[in-house]
There are 2 protein chains.
Amino acid sequence: MIARRLPTTRATINDVAAVSGVSRGTVSRVLNSEAYVSEAAKKAVEDAILQVGYVRNTAARNLVTRQSHAIGLIVHEPHSLFLEDPNIGSILLGTNSVLSDADYQLVSLVIDSDRDSNRVAEYLTGGFVDGVIIVSARAHDPIAKIVSQIGIPAAFVGHPVDIEGIPYVGIDNFAAAKAITARLVGTGRTKIGMIAAGLDRDSGQDRVAGFTAALGDAFDPSLVVQQPFYAHASGLEGTRELLRRAPDIDGIFAASDAIAAGVLDALREAGRSVPGDVGVVGFDDSVWAIRTQPQLSTVHQPAGELGRGAAASVLAQIRGEAVDSSGTFLETHIVWRDSA
Amino acid sequence: MIARRLPTTRATINDVAAVSGVSRGTVSRVLNSEAYVSEAAKKAVEDAILQVGYVRNTAARNLVTRQSHAIGLIVHEPHSLFLEDPNIGSILLGTNSVLSDADYQLVSLVIDSDRDSNRVAEYLTGGFVDGVIIVSARAHDPIAKIVSQIGIPAAFVGHPVDIEGIPYVGIDNFAAAKAITARLVGTGRTKIGMIAAGLDRDSGQDRVAGFTAALGDAFDPSLVVQQPFYAHASGLEGTRELLRRAPDIDGIFAASDAIAAGVLDALREAGRSVPGDVGVVGFDDSVWAIRTQPQLSTVHQPAGELGRGAAASVLAQIRGEAVDSSGTFLETHIVWRDSA
DNA sequence: TTGTAAGCGTTATCAG
DNA sequence: CTGATAACGCTTACAA
């Protein structure tokens, strides 16, 4: 029934100084636990702080120190995907853990429209964050470009095809896709298709390339159907299309686990058994992989580590350390379960 | 190979003023598109801005305007849950959409440790955000308490049992749980158990209460097994326990869809058919509900709307409008699919 | 319509 | 060890 009060005017260093009977300078020193302050002064200040209920104004502090001790994590995904992609959650948690240890605040910024994009750009240039981690940037991503321009410490998780000079941490999508496809071939499948997605990113393109390479002469371009997102719906749609094109398909490589889950559903709907009639493999080894029926054979990707690595890179840049701007790759491995 | 440059000294309003030949005041006016600036001055300033590559320093601006145009979304969940709970994603997206329209930046802050908790508290008191939305607060949540103390505009999604005076938007968990349990009873099940979770929140408690109420005399306390989290693993564990206690169980109410997914897996593992041997119902109507086999009968909860409502409340408080501090409830409805 | 100047709350430099 | 005092970059009366 009652309106909440707006924040009241808060006590400043001046108030603390007045009450404790020392100067602002001294108050500031105890606030930042610097050396050279007498026990007496310290005690007086601490008492005064309690008494007037002082809390430091960070905007003022940032203004003069020129840093915020906050780091942004930018996630640029369409609505639905954000809900479906467990990788993002893992990356976020990994990032937060290293940032937290270094006493940096992680702030996640999701971009869901052009308007968001502009606002985030302003946010970045506004001194709110000392660095930024960019997840799932696409080709020609305006935010990636802005980050590159303003020269704020940054790192990518994955690698946008058209940006150079910003460190990234990723995996070798080509090799991983090639390996799991080869393994699928090894189980005796001869007519293998792929549901590809995210072709506007290096990851999407490289997975297709790896798939193609693994198949060699057996590769049939009409057997790869392209979908926009790494999503369940893409697997559903894509598989229906694939079945239309090649009813006798006996193997499917889904570009992600979420897609693979959709593939499984579409196959069930079409009355095909897995892995009996068709073997299917995914990519990510996310929670999806063990929740499907049958469980997914897939590529394990160290999402949490990716986040940790990107965070570490940004922190290093902030400290002024030299950083390898060419990027680093983390290991993946195949997890073989029941779907193929 | 090359270390990234640290941010170079950036142009200020003074630079723009110098180049354009007007005063700082005028530059500021065009920056904030105020009335009373001549076309000539405006043009000159805009050119100068481009020329010197000026971007406004938001820390300085915040200092004087005493606002940041940013709003925090605090998510306080253990690691794993963050990855599993699609509600959080929906809430986040809903929140972002209304904030974005109002030109506020949403910053998500995840709390994953006591250390995080303290840092976030500092962040909140630091003037980084003008308001805050709290998701999934538990009883005795320190952050909820701090928010309450500093009197920053805030809203809860859901309602922590021990905090008063802060608006919240939620659903009637009691009524919804009661309704779906009644419906399960209506299908002829006679021995119905429940996997409860999140008992440190109102939602968890109310769902148990609703379940109890629906069963009336038929309620058997030994048939509700308590689990800590709204997670798949909880469903797995809980069901095994339930089966141990009552092998002849023929109905299960899972406190969330993620739990229900675990229930389904445990039942399958035990060789029980669903809905043949036992009917199971969930709660949330999240993406989980349609990915399970069979698909879940569940309570639909408007997660996105919850987020929108909370955001709207915070915005209203910032504008100084009176807000109903007692909270508002949104409608739920039952979605009947195949699991019961 | 524009310029001037006084802050906003800190930190940091420099004497003392 | 401590106190002045000058920034930090911006907004905003108040004058002109």
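Treat the numbers as computed from the prediction; the structure is a model and nothing was measured. Here is how names work: the chains are called A, B, and so on, in the same order as the sequence lines, proteins then strands, and each is numbered from 1. Side chains are part of it too, since the values below use all heavy atoms of this structure and drop only hydrogens, waters and symmetry mates.
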Winner on side-chain proximity to A:V64, out of C:dT11, D:dT11, D:dG3, is C:dT11

### side chain to side chain donor-acceptor pair (under 3.5 Å) assessment of B:R66 paired with A:N57
CA-CA 10 Å; B:R66 296 148 169 292; A:N57 178 322; over 6 Å; no

Here the residues of residues 24-40 of chain A within 4.0 Å heavy-atom distance, strictly under, of DNA chain C are A:R24, A:G25, A:S28, A:R29, A:N32

Considering only heavy side-chain atoms of B:L63, the closest of D:dG3, C:dC8, D:dT11 is C:dC8

To the nearest angstrom, the CD1-P distance between B:I49 and D:dG9 comes to 16 Å

Atom CZ of A:R66 and atom C1' of D:dC8 are separated, to the nearest Å, by 6 Å

Taking atom NZ of B:K42 as the centre, report whether more than 12 heavy atoms of other residues, nucleotides or ligands fall under 6.0 Å from it.
no

B:A316 and B:V323 have their tightest heavy-atom pair at CB-CG2, 3.9 Å

From CG of B:N57 across to C1' of C:dG9 the rounded distance in Å is 14 Å

When rounded to whole Å, the NZ to C1' distance for the pair A:K43 and D:dC1 reads 19 Å

Classify the nucleic acid contact of B:A59 as base, sugar-phosphate or nothing, counting any heavy atom under 4.0 Å across all strands shown. nothing

Taking the side chain as C-beta and beyond, is there a heavy-atom pair between B:T95 and B:R308 under 4.5 Å? no

Residues A:Y104 and A:Q67: closest non-hydrogen pair is OH-OE1, 4.1 Å

From CZ of B:R61 across to P of D:dT12 the rounded distance in Å is 8 Å

Looking only at atom types and distance, does a side-chain atom of B:D130 sit under 3.5 Å from a main-chain N or O of B:S68, one as donor and one as acceptor?
yes

When rounded to whole Å, the NE2 to P distance for the pair A:H69 and C:dT10 reads 17 Å

Here the distance between atom P of C:dG9 and atom CD1 of A:I13, to the nearest Å, is 11 Å

Which of A:D141, A:D116, A:D112 passes side chain to side chain donor-acceptor pair (under 3.5 Å) with A:H76? Answer is A:D141

Side-chain N or O of A:S23 less than 4.0 angstrom from OP1 or OP2 on D:dG3?
yes

